[in-house]
Visitor: 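Pasting in a structure now, in C-alpha coordinates, and then I'll have a few things to ask.
To find a chain, count down the sequence lines: A is the first, B the second, and so on, and within it residues start at 1. Fair warning: this is a prediction, and the values are worked out from it, not measured in the lab.
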Protein chains: 2
Amino acid sequence: MKQTDHRIRVTKMLIRRAFTDLLSRKPIQSISVKELCALAGINRGTFYAHYTDIYDLQEKLEDEMTLDFQKALDPLLHSGKEKPTPLAITAGIFKCLKENMDICTMTLGPYGDKEFASRLINLGRESYIESYSRLFSGATSRQLEYYYAFVSAGCIGLLEKWLADGMTDSAEELAATAEGIMSHGIRFLKAPAL
Amino acid sequence: MKQTDHRIRVTKMLIRRAFTDLLSRKPIQSISVKELCALAGINRGTFYAHYTDIYDLQEKLEDEMTLDFQKALDPLLHSGKEKPTPLAITAGIFKCLKENMDICTMTLGPYGDKEFASRLINLGRESYIESYSRLFSGATSRQLEYYYAFVSAGCIGLLEKWLADGMTDSAEELAATAEGIMSHGIRFLKAPAL
DNA sequence: GAAATAAATCAACAGTGTGTTCAAATATCG
DNA sequence: CGATATTTGAACACACTGTTGATTTATTTC
(Lines give C-alpha, C1' and ligand atoms only; values in the text may rest on other atoms or scores of the structure.)
Protein backbone atom coordinates (compact mmCIF):
# COMPACT_ATOMS: atom_id res chain seq x y z
CA MET A 1 0.00 0.00 0.00
CA LYS A 2 2.92 2.26 0.60
CA GLN A 3 4.20 4.38 -2.21
CA THR A 4 7.56 2.72 -2.50
CA ASP A 5 8.11 2.91 -6.23
CA HIS A 6 10.85 5.35 -6.97
CA ARG A 7 9.53 6.20 -10.43
CA ILE A 8 6.17 7.37 -9.13
CA ARG A 9 7.74 9.68 -6.59
CA VAL A 10 9.99 11.21 -9.23
CA THR A 11 7.08 11.67 -11.62
CA LYS A 12 4.93 13.31 -8.98
CA MET A 13 7.75 15.58 -7.93
CA LEU A 14 8.33 16.65 -11.52
CA ILE A 15 4.64 17.37 -11.92
CA ARG A 16 4.52 19.30 -8.68
CA ARG A 17 7.50 21.43 -9.60
CA ALA A 18 6.14 22.16 -13.05
CA PHE A 19 2.73 23.00 -11.63
CA THR A 20 3.89 25.47 -8.99
CA ASP A 21 6.21 26.95 -11.58
CA LEU A 22 3.39 27.53 -14.03
CA LEU A 23 1.10 28.72 -11.27
CA SER A 24 3.51 31.47 -10.36
CA ARG A 25 3.21 32.83 -13.88
CA LYS A 26 -0.37 32.20 -14.96
CA PRO A 27 -3.80 31.36 -13.55
CA ILE A 28 -4.75 27.72 -13.23
CA GLN A 29 -7.48 27.96 -15.83
CA SER A 30 -4.96 28.63 -18.56
CA ILE A 31 -2.66 25.78 -17.66
CA SER A 32 -3.11 22.84 -20.02
CA VAL A 33 -2.14 19.26 -19.33
CA LYS A 34 -0.07 19.34 -22.47
CA GLU A 35 2.14 22.24 -21.50
CA LEU A 36 2.44 21.01 -17.94
CA CYS A 37 3.77 17.68 -19.17
CA ALA A 38 6.07 19.35 -21.65
CA LEU A 39 7.53 21.46 -18.86
CA ALA A 40 7.79 18.52 -16.50
CA GLY A 41 9.34 16.41 -19.24
CA ILE A 42 6.93 13.53 -18.86
CA ASN A 43 4.49 11.82 -21.14
CA ARG A 44 0.95 13.07 -21.17
CA GLY A 45 -0.32 9.56 -20.59
CA THR A 46 1.69 9.38 -17.40
CA PHE A 47 -0.09 12.43 -16.06
CA TYR A 48 -3.45 10.82 -16.70
CA ALA A 49 -2.26 7.71 -14.91
CA HIS A 50 -2.13 9.75 -11.69
CA TYR A 51 -4.60 12.58 -12.09
CA THR A 52 -7.81 13.05 -14.02
CA ASP A 53 -7.15 16.70 -14.87
CA ILE A 54 -5.41 19.87 -13.71
CA TYR A 55 -7.97 20.55 -11.01
CA ASP A 56 -7.63 17.06 -9.64
CA LEU A 57 -3.90 17.68 -9.46
CA GLN A 58 -4.46 20.92 -7.58
CA GLU A 59 -6.79 19.19 -5.14
CA LYS A 60 -4.40 16.32 -4.46
CA LEU A 61 -1.46 18.67 -4.01
CA GLU A 62 -3.45 20.82 -1.62
CA ASP A 63 -4.49 17.81 0.44
CA GLU A 64 -0.88 16.73 0.59
CA MET A 65 0.26 20.19 1.62
CA THR A 66 -2.45 20.42 4.23
CA LEU A 67 -1.10 17.28 5.87
CA ASP A 68 2.45 18.66 5.82
CA PHE A 69 1.23 21.89 7.28
CA GLN A 70 -0.81 20.16 9.93
CA LYS A 71 2.16 18.03 10.87
CA ALA A 72 4.37 21.05 11.16
CA LEU A 73 1.80 22.86 13.25
CA ASP A 74 0.88 19.99 15.53
CA PRO A 75 3.81 20.20 17.96
CA LEU A 76 3.09 23.87 18.48
CA LEU A 77 -0.52 23.27 19.40
CA HIS A 78 -0.23 20.18 21.57
CA SER A 79 3.33 19.87 22.80
CA GLY A 80 3.68 21.90 25.99
CA LYS A 81 1.50 21.47 29.03
CA GLU A 82 0.68 25.17 28.82
CA LYS A 83 -1.92 26.23 26.27
CA PRO A 84 -0.23 28.45 23.69
CA THR A 85 -1.33 32.06 23.50
CA PRO A 86 -3.22 33.25 20.44
CA LEU A 87 -0.17 35.26 19.47
CA ALA A 88 2.02 32.18 19.65
CA ILE A 89 -0.41 30.25 17.47
CA THR A 90 -0.56 32.98 14.89
CA ALA A 91 3.21 33.35 14.88
CA GLY A 92 3.56 29.59 14.50
CA ILE A 93 1.27 29.49 11.50
CA PHE A 94 3.06 32.39 9.85
CA LYS A 95 6.40 30.75 10.48
CA CYS A 96 5.19 27.53 8.86
CA LEU A 97 4.15 29.50 5.83
CA LYS A 98 7.45 31.28 5.58
CA GLU A 99 9.25 27.96 5.69
CA ASN A 100 7.07 26.57 2.90
CA MET A 101 7.16 29.17 0.22
CA ASP A 102 5.84 26.87 -2.50
CA ILE A 103 2.63 26.56 -0.52
CA CYS A 104 2.45 30.32 -0.53
CA THR A 105 2.67 30.40 -4.29
CA MET A 106 -0.25 28.03 -4.47
CA THR A 107 -2.29 30.10 -2.08
CA LEU A 108 -1.20 33.66 -1.60
CA GLY A 109 0.36 34.49 -4.96
CA PRO A 110 -1.57 36.46 -7.57
CA TYR A 111 -2.91 33.25 -9.10
CA GLY A 112 -3.26 31.38 -5.83
CA ASP A 113 -6.23 29.47 -4.51
CA LYS A 114 -7.56 31.70 -1.78
CA GLU A 115 -10.02 29.06 -0.66
CA PHE A 116 -7.11 26.84 0.19
CA ALA A 117 -5.42 29.67 2.06
CA SER A 118 -8.58 30.04 4.08
CA ARG A 119 -8.58 26.35 4.93
CA LEU A 120 -4.97 26.49 6.07
CA ILE A 121 -5.60 29.47 8.30
CA ASN A 122 -8.53 27.72 9.89
CA LEU A 123 -6.39 24.80 10.96
CA GLY A 124 -5.26 26.89 13.89
CA ARG A 125 -8.60 28.52 14.33
CA GLU A 126 -10.17 26.06 16.75
CA SER A 127 -7.58 26.76 19.38
CA TYR A 128 -7.95 30.38 18.57
CA ILE A 129 -11.70 30.46 19.00
CA GLU A 130 -11.44 28.61 22.24
CA SER A 131 -9.10 31.18 23.68
CA TYR A 132 -11.27 34.10 22.77
CA SER A 133 -14.77 32.77 23.24
CA ARG A 134 -14.08 32.44 26.94
CA LEU A 135 -13.13 36.10 27.09
CA PHE A 136 -16.20 37.26 25.20
CA SER A 137 -18.91 34.94 26.36
CA GLY A 138 -21.45 37.74 26.20
CA ALA A 139 -21.35 38.05 22.43
CA THR A 140 -23.98 36.48 20.21
CA SER A 141 -22.85 33.64 18.02
CA ARG A 142 -23.87 35.60 14.94
CA GLN A 143 -21.47 38.37 15.84
CA LEU A 144 -18.74 35.89 16.54
CA GLU A 145 -19.31 34.41 13.09
CA TYR A 146 -19.03 37.80 11.47
CA TYR A 147 -15.92 38.53 13.47
CA TYR A 148 -14.23 35.34 12.34
CA ALA A 149 -15.30 35.86 8.75
CA PHE A 150 -13.66 39.26 8.92
CA VAL A 151 -10.43 38.37 10.62
CA SER A 152 -9.70 35.16 8.76
CA ALA A 153 -10.11 36.98 5.46
CA GLY A 154 -8.12 39.85 6.91
CA CYS A 155 -5.23 37.59 7.83
CA ILE A 156 -5.12 36.24 4.29
CA GLY A 157 -5.04 39.75 2.93
CA LEU A 158 -2.22 40.55 5.32
CA LEU A 159 -0.29 37.47 4.23
CA GLU A 160 -0.78 38.30 0.57
CA LYS A 161 0.79 41.65 1.19
CA TRP A 162 3.56 40.01 3.16
CA LEU A 163 4.35 37.69 0.25
CA ALA A 164 4.02 40.46 -2.31
CA ASP A 165 6.59 42.48 -0.34
CA GLY A 166 9.01 39.56 -0.33
CA MET A 167 8.31 38.28 3.19
CA THR A 168 10.94 40.59 4.61
CA ASP A 169 9.31 41.10 7.99
CA SER A 170 9.71 38.25 10.43
CA ALA A 171 6.84 35.90 11.09
CA GLU A 172 6.72 37.14 14.68
CA GLU A 173 6.45 40.76 13.65
CA LEU A 174 3.67 40.00 11.23
CA ALA A 175 1.86 37.91 13.79
CA ALA A 176 2.08 40.78 16.24
CA THR A 177 0.57 43.09 13.66
CA ALA A 178 -2.25 40.65 12.95
CA GLU A 179 -2.90 40.19 16.64
CA GLY A 180 -2.83 43.92 17.20
CA ILE A 181 -5.44 44.57 14.53
CA MET A 182 -7.63 41.67 15.60
CA SER A 183 -7.52 42.73 19.23
CA HIS A 184 -7.64 46.48 19.02
CA GLY A 185 -8.61 47.44 15.49
CA ILE A 186 -7.26 50.74 14.28
CA ARG A 187 -5.99 51.51 17.76
CA PHE A 188 -3.16 49.04 17.28
CA LEU A 189 -1.49 51.79 15.29
CA LYS A 190 -0.90 53.74 18.48
CA ALA A 191 0.47 50.78 20.38
CA PRO A 192 1.98 48.55 17.71
CA ALA A 193 4.13 46.49 20.04
CA LEU A 194 1.26 45.46 22.30
CA MET B 1 -19.96 56.66 -31.51
CA LYS B 2 -22.82 56.16 -29.15
CA GLN B 3 -24.20 52.70 -28.72
CA THR B 4 -27.63 53.44 -30.08
CA ASP B 5 -28.38 50.21 -31.87
CA HIS B 6 -31.13 48.35 -30.12
CA ARG B 7 -29.94 44.95 -31.27
CA ILE B 8 -26.53 45.33 -29.68
CA ARG B 9 -27.98 46.27 -26.34
CA VAL B 10 -30.31 43.29 -26.39
CA THR B 11 -27.47 40.95 -27.33
CA LYS B 12 -25.22 42.28 -24.60
CA MET B 13 -27.98 42.02 -22.06
CA LEU B 14 -28.67 38.42 -23.02
CA ILE B 15 -24.99 37.63 -22.72
CA ARG B 16 -24.74 39.36 -19.37
CA ARG B 17 -27.74 37.51 -17.98
CA ALA B 18 -26.49 34.16 -19.20
CA PHE B 19 -23.02 34.84 -17.84
CA THR B 20 -24.09 35.80 -14.32
CA ASP B 21 -26.47 32.87 -14.37
CA LEU B 22 -23.71 30.42 -15.23
CA LEU B 23 -21.33 32.09 -12.82
CA SER B 24 -23.68 31.44 -9.96
CA ARG B 25 -23.45 27.73 -10.68
CA LYS B 26 -19.93 27.08 -11.89
CA PRO B 27 -16.47 28.65 -11.94
CA ILE B 28 -15.55 30.83 -14.86
CA GLN B 29 -12.89 28.45 -16.13
CA SER B 30 -15.49 25.83 -16.94
CA ILE B 31 -17.81 28.15 -18.82
CA SER B 32 -17.45 27.69 -22.56
CA VAL B 33 -18.43 30.19 -25.20
CA LYS B 34 -20.60 27.53 -26.73
CA GLU B 35 -22.76 26.88 -23.70
CA LEU B 36 -22.96 30.56 -22.86
CA CYS B 37 -24.35 31.30 -26.31
CA ALA B 38 -26.72 28.37 -26.13
CA LEU B 39 -28.08 29.66 -22.83
CA ALA B 40 -28.28 33.23 -24.08
CA GLY B 41 -29.96 32.05 -27.27
CA ILE B 42 -27.55 33.82 -29.56
CA ASN B 43 -25.20 32.72 -32.27
CA ARG B 44 -21.64 31.97 -31.32
CA GLY B 45 -20.38 34.25 -34.04
CA THR B 46 -22.29 37.11 -32.47
CA PHE B 47 -20.44 36.61 -29.23
CA TYR B 48 -17.11 36.84 -31.00
CA ALA B 49 -18.25 40.03 -32.69
CA HIS B 50 -18.29 41.69 -29.25
CA TYR B 51 -15.80 39.81 -27.11
CA THR B 52 -12.64 37.85 -27.80
CA ASP B 53 -13.28 35.21 -25.14
CA ILE B 54 -14.96 34.57 -21.81
CA TYR B 55 -12.31 36.44 -19.86
CA ASP B 56 -12.64 39.45 -22.09
CA LEU B 57 -16.36 39.36 -21.37
CA GLN B 58 -15.71 39.24 -17.65
CA GLU B 59 -13.33 42.17 -17.89
CA LYS B 60 -15.71 44.31 -19.89
CA LEU B 61 -18.61 43.52 -17.60
CA GLU B 62 -16.56 44.37 -14.58
CA ASP B 63 -15.49 47.69 -16.05
CA GLU B 64 -19.11 48.45 -16.82
CA MET B 65 -20.21 47.53 -13.33
CA THR B 66 -17.44 49.56 -11.80
CA LEU B 67 -18.77 52.62 -13.57
CA ASP B 68 -22.31 51.92 -12.38
CA PHE B 69 -21.04 51.42 -8.89
CA GLN B 70 -18.97 54.56 -8.99
CA LYS B 71 -21.92 56.53 -10.28
CA ALA B 72 -24.14 55.21 -7.52
CA LEU B 73 -21.52 56.00 -4.91
CA ASP B 74 -20.60 59.42 -6.14
CA PRO B 75 -23.50 61.42 -4.67
CA LEU B 76 -22.77 59.89 -1.27
CA LEU B 77 -19.15 60.96 -1.32
CA HIS B 78 -19.45 64.45 -2.78
CA SER B 79 -22.99 65.69 -2.35
CA GLY B 80 -23.29 67.30 1.07
CA LYS B 81 -21.09 70.08 2.30
CA GLU B 82 -20.23 67.93 5.34
CA LYS B 83 -17.68 65.19 4.85
CA PRO B 84 -19.39 61.86 5.37
CA THR B 85 -18.31 59.77 8.33
CA PRO B 86 -16.46 56.52 7.69
CA LEU B 87 -19.51 54.66 8.90
CA ALA B 88 -21.71 56.45 6.40
CA ILE B 89 -19.30 55.63 3.59
CA THR B 90 -19.17 51.98 4.52
CA ALA B 91 -22.93 51.81 4.86
CA GLY B 92 -23.30 53.50 1.48
CA ILE B 93 -21.05 50.98 -0.22
CA PHE B 94 -22.85 48.07 1.36
CA LYS B 95 -26.19 49.50 0.34
CA CYS B 96 -24.99 49.82 -3.24
CA LEU B 97 -23.99 46.20 -3.19
CA LYS B 98 -27.30 45.07 -1.78
CA GLU B 99 -29.10 46.94 -4.52
CA ASN B 100 -26.96 45.29 -7.20
CA MET B 101 -27.09 41.64 -6.38
CA ASP B 102 -25.82 40.52 -9.78
CA ILE B 103 -22.59 42.36 -9.06
CA CYS B 104 -22.38 40.38 -5.86
CA THR B 105 -22.66 37.12 -7.76
CA MET B 106 -19.78 38.18 -9.93
CA THR B 107 -17.66 39.09 -6.95
CA LEU B 108 -18.72 37.64 -3.65
CA GLY B 109 -20.34 34.35 -4.68
CA PRO B 110 -18.46 31.07 -4.40
CA TYR B 111 -17.19 31.45 -7.96
CA GLY B 112 -16.77 35.21 -7.84
CA ASP B 113 -13.79 37.29 -8.81
CA LYS B 114 -12.39 38.42 -5.49
CA GLU B 115 -9.91 40.72 -7.19
CA PHE B 116 -12.81 42.67 -8.57
CA ALA B 117 -14.45 42.80 -5.15
CA SER B 118 -11.26 44.26 -3.83
CA ARG B 119 -11.26 46.94 -6.49
CA LEU B 120 -14.85 47.87 -5.71
CA ILE B 121 -14.17 48.19 -2.02
CA ASN B 122 -11.23 50.43 -2.69
CA LEU B 123 -13.38 52.90 -4.58
CA GLY B 124 -14.48 54.26 -1.23
CA ARG B 125 -11.12 53.77 0.36
CA GLU B 126 -9.57 57.11 -0.44
CA SER B 127 -12.14 58.97 1.57
CA TYR B 128 -11.77 56.36 4.22
CA ILE B 129 -8.03 56.67 4.50
CA GLU B 130 -8.26 60.41 4.65
CA SER B 131 -10.60 60.29 7.59
CA TYR B 132 -8.41 57.96 9.57
CA SER B 133 -4.94 59.06 8.65
CA ARG B 134 -5.62 62.38 10.37
CA LEU B 135 -6.54 60.56 13.57
CA PHE B 136 -3.48 58.34 13.51
CA SER B 137 -0.78 60.53 12.11
CA GLY B 138 1.81 58.91 14.37
CA ALA B 139 1.68 55.55 12.64
CA THR B 140 4.27 54.48 10.09
CA SER B 141 3.12 54.16 6.52
CA ARG B 142 4.13 50.51 6.53
CA GLN B 143 1.76 49.81 9.38
CA LEU B 144 -0.98 51.72 7.68
CA GLU B 145 -0.47 49.59 4.58
CA TYR B 146 -0.73 46.41 6.59
CA TYR B 147 -3.81 47.74 8.31
CA TYR B 148 -5.53 48.47 5.01
CA ALA B 149 -4.50 45.16 3.54
CA PHE B 150 -6.09 43.50 6.52
CA VAL B 151 -9.32 45.43 6.72
CA SER B 152 -10.08 45.55 3.01
CA ALA B 153 -9.70 41.79 2.79
CA GLY B 154 -11.67 41.52 6.02
CA CYS B 155 -14.55 43.50 4.60
CA ILE B 156 -14.70 41.24 1.59
CA GLY B 157 -14.79 38.21 3.86
CA LEU B 158 -17.58 39.84 5.82
CA LEU B 159 -19.53 40.57 2.65
CA GLU B 160 -19.07 37.03 1.41
CA LYS B 161 -20.63 35.76 4.60
CA TRP B 162 -23.40 38.33 4.27
CA LEU B 163 -24.23 37.12 0.77
CA ALA B 164 -23.93 33.47 1.76
CA ASP B 165 -26.47 34.08 4.53
CA GLY B 166 -28.89 35.66 2.09
CA MET B 167 -28.16 39.33 2.87
CA THR B 168 -30.77 39.33 5.60
CA ASP B 169 -29.09 41.89 7.81
CA SER B 170 -29.47 45.47 6.71
CA ALA B 171 -26.59 47.27 5.05
CA GLU B 172 -26.44 49.64 8.01
CA GLU B 173 -26.15 46.82 10.52
CA LEU B 174 -23.41 45.17 8.56
CA ALA B 175 -21.57 48.45 8.12
CA ALA B 176 -21.75 49.00 11.87
CA THR B 177 -20.27 45.56 12.42
CA ALA B 178 -17.47 46.25 9.96
CA GLU B 179 -16.79 49.61 11.53
CA GLY B 180 -16.83 48.07 14.97
CA ILE B 181 -14.25 45.46 14.08
CA MET B 182 -12.08 47.89 12.18
CA SER B 183 -12.13 50.41 15.00
CA HIS B 184 -11.99 48.23 18.07
CA GLY B 185 -11.06 44.72 16.99
CA ILE B 186 -12.39 41.94 19.15
CA ARG B 187 -13.64 44.48 21.66
CA PHE B 188 -16.47 45.42 19.36
CA LEU B 189 -18.18 42.28 20.63
CA LYS B 190 -18.77 43.93 23.97
CA ALA B 191 -20.10 47.11 22.46
CA PRO B 192 -21.64 46.05 19.19
CA ALA B 193 -23.77 49.13 18.70
CA LEU B 194 -20.89 51.54 19.06
C1' DG C 1 -41.82 54.17 -46.71
C1' DA C 2 -37.61 52.83 -49.35
C1' DA C 3 -32.80 52.54 -49.69
C1' DA C 4 -28.60 52.17 -47.28
C1' DT C 5 -26.45 50.45 -43.50
C1' DA C 6 -25.44 47.55 -39.64
C1' DA C 7 -26.03 43.40 -36.99
C1' DA C 8 -27.17 38.59 -36.30
C1' DT C 9 -27.36 34.03 -38.29
C1' DC C 10 -25.77 29.82 -40.41
C1' DA C 11 -22.53 26.53 -42.04
C1' DA C 12 -18.07 25.30 -42.69
C1' DC C 13 -13.14 25.30 -41.63
C1' DA C 14 -8.52 24.27 -39.58
C1' DG C 15 -6.41 24.19 -35.25
C1' DT C 16 -5.69 22.64 -30.52
C1' DG C 17 -6.28 20.37 -26.21
C1' DT C 18 -8.72 16.34 -24.16
C1' DG C 19 -9.07 11.82 -22.45
C1' DT C 20 -8.55 7.07 -23.70
C1' DT C 21 -6.42 3.01 -25.73
C1' DC C 22 -2.73 -0.21 -27.00
C1' DA C 23 1.66 -2.33 -27.63
C1' DA C 24 6.43 -1.50 -26.78
C1' DA C 25 10.19 0.01 -23.97
C1' DT C 26 12.12 0.79 -19.57
C1' DA C 27 12.86 0.88 -14.68
C1' DT C 28 12.07 -1.23 -10.05
C1' DC C 29 11.69 -4.79 -6.63
C1' DG C 30 11.97 -9.47 -4.83
C1' DC D 1 17.98 -12.62 -13.00
C1' DG D 2 13.07 -12.62 -13.66
C1' DA D 3 8.49 -10.92 -12.55
C1' DT D 4 6.13 -6.86 -12.08
C1' DA D 5 4.90 -2.17 -12.48
C1' DT D 6 5.55 2.18 -14.70
C1' DT D 7 6.46 5.12 -18.45
C1' DT D 8 6.47 5.96 -23.25
C1' DG D 9 4.81 6.85 -27.95
C1' DA D 10 1.43 6.77 -31.27
C1' DA D 11 -3.12 6.83 -32.63
C1' DC D 12 -7.94 7.78 -31.93
C1' DA D 13 -12.59 10.18 -31.56
C1' DC D 14 -14.31 14.09 -29.43
C1' DA D 15 -15.29 18.85 -28.13
C1' DC D 16 -14.48 23.64 -28.11
C1' DT D 17 -12.12 27.44 -30.33
C1' DG D 18 -11.72 31.33 -33.28
C1' DT D 19 -12.33 32.75 -37.95
C1' DT D 20 -14.47 33.19 -42.53
C1' DG D 21 -17.99 34.33 -46.12
C1' DA D 22 -22.55 34.38 -47.69
C1' DT D 23 -27.26 35.15 -46.20
C1' DT D 24 -31.01 36.89 -43.59
C1' DT D 25 -32.88 40.14 -40.53
C1' DA D 26 -33.32 44.47 -38.13
C1' DT D 27 -32.35 49.47 -37.72
C1' DT D 28 -31.29 54.02 -39.15
C1' DT D 29 -31.36 57.75 -42.43
C1' DC D 30 -33.09 60.30 -45.99
Visitor: For the helix from C:dG1-D:dC30 to C:dG30-D:dC1, what angle lies between the axis at the first five pairs and the axis at the last five pairs, to 10 degrees?
Guide: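 End-to-end axis angle: 40°.
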Visitor: Counting only N and O atoms by type, is there a donor-acceptor contact under 3.5 Å from the side chain of B:Trp162 to the main-chain atoms of B:Leu174?
Guide: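 Pair absent, no side-chain N/O of B:Trp162 close to backbone of B:Leu174.
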Visitor: Which pairs, protein N/O on one side and nucleotides 12-17 of chain C N/O on the other, fall under 3.5 Å?
Guide:
residue: C:dG17; atom: OP2; partner: A:Lys34; partner atom: NZ; Å: 2.9

Visitor: Do the side chain of A:Thr66 and the main chain of A:Glu62 share a donor and acceptor less than 3.5 angstrom apart?
Guide: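 Yes, because the side chain of A:Thr66 sits within donor-acceptor range (under 3.5 Å) of the backbone of A:Glu62.
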Visitor: Atom NE2 of A:His6 to atom P of D:dT7: distance rounded to whole Å?
Guide: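 Distance check: A:His6 NE2 to D:dT7 P gives 12 Å.
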Visitor: Can you tell me if B:Tyr48 touches the phosphate of D:dT19, counting only side-chain N or O atoms and a distance under 4.0 Å to OP1 or OP2?
Guide: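 For D:dT19, OP1/OP2 do not have a side-chain N/O of B:Tyr48 under 4.0 Å.
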Visitor: Restricting to non-hydrogen atoms, name the atom on A:Leu14 and the atom on A:Ile42 that form the minimum distance, rounded to 0.1 Å.
Guide: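 Looks like CD1-CG2, 4.0 Å.
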Visitor: Donor-acceptor pair, B:Ser30 side chain versus B:Lys26 backbone, under 3.5 Å?
Guide: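 Side chain of B:Ser30 to backbone of B:Lys26, a donor-acceptor pair under 3.5 Å: no, none is there.
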Visitor: In plain terms, say whether A:Asp21 and A:Arg17 are close enough for a salt bridge, that is, a side-chain N and a carboxylate O under 4.0 Å apart.
Guide: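 Looking at A:Asp21 and A:Arg17, the cut-off is not met.
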Visitor: Of the non-hydrogen atoms in B:Gln29 and B:Tyr55, which two are nearest, and what is the gap between them?
Guide: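 Answer, listing the atom of B:Gln29 first, then B:Tyr55: CA-OH, 3.4 Å.
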Visitor: Between A:Asp165 (side chain) and A:Met167 (backbone), is there a donor-acceptor pair under 3.5 Å?
Guide: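 Flag not set: sc A:Asp165 to bb A:Met167 has no pair under 3.5 Å.
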Visitor: Are there more than 12 heavy atoms of other residues, nucleotides or ligands under 6.0 Å from atom NZ of B:Lys95?
Guide: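 No, NZ of B:Lys95 has 12 or fewer neighbouring heavy atoms, counting only those of other groups under 6.0 Å.
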Visitor: Should A:Asp53 and A:Tyr48 be marked as a side-chain hydrogen bond (donor to acceptor under 3.5 Å, both in side chains) after you check the CA-CA gap, both sets of side-chain angles, and the distance that decides it?
Guide: CA-CA 7 Å; A:Asp53 58 30; A:Tyr48 286 113; over 6 Å; no
Visitor: Calculate the interatomic distance between B:Leu36 atom CG and D:dC16 atom C1'; express it in whole Å.
Guide: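 The distance from CG of B:Leu36 to C1' of D:dC16 comes to 13 Å, rounded to the nearest Å.
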Visitor: Would you tabulate the nitrogen or oxygen pairs shorter than 3.5 Å linking the protein to nucleotides 4-8 of chain C?
Guide:
residue: C:dA6; atom: N3; partner: B:Arg7; partner atom: NH1; Å: 3.2
residue: C:dA7; atom: O4'; partner: B:Arg7; partner atom: NH1; Å: 3.4
residue: C:dA7; atom: O4'; partner: B:Arg7; partner atom: NH2; Å: 3.2
residue: C:dA8; atom: OP1; partner: B:Arg7; partner atom: O; Å: 3.4
residue: C:dA8; atom: OP1; partner: B:Thr11; partner atom: OG1; Å: 2.6
residue: C:dA8; atom: OP2; partner: B:His50; partner atom: NE2; Å: 3.1

Visitor: Is it the case that the ring center of B:Phe47 lies less than 6.0 angstrom away from the ring center of B:Tyr51?
Guide: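 So the answer is yes for these two rings.
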Visitor: What is the distance, to the nearest angstrom, from the CZ atom on B:Phe47 to the C1' atom on D:dT19?
Guide: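 Distance check: B:Phe47 CZ to D:dT19 C1' gives 14 Å.
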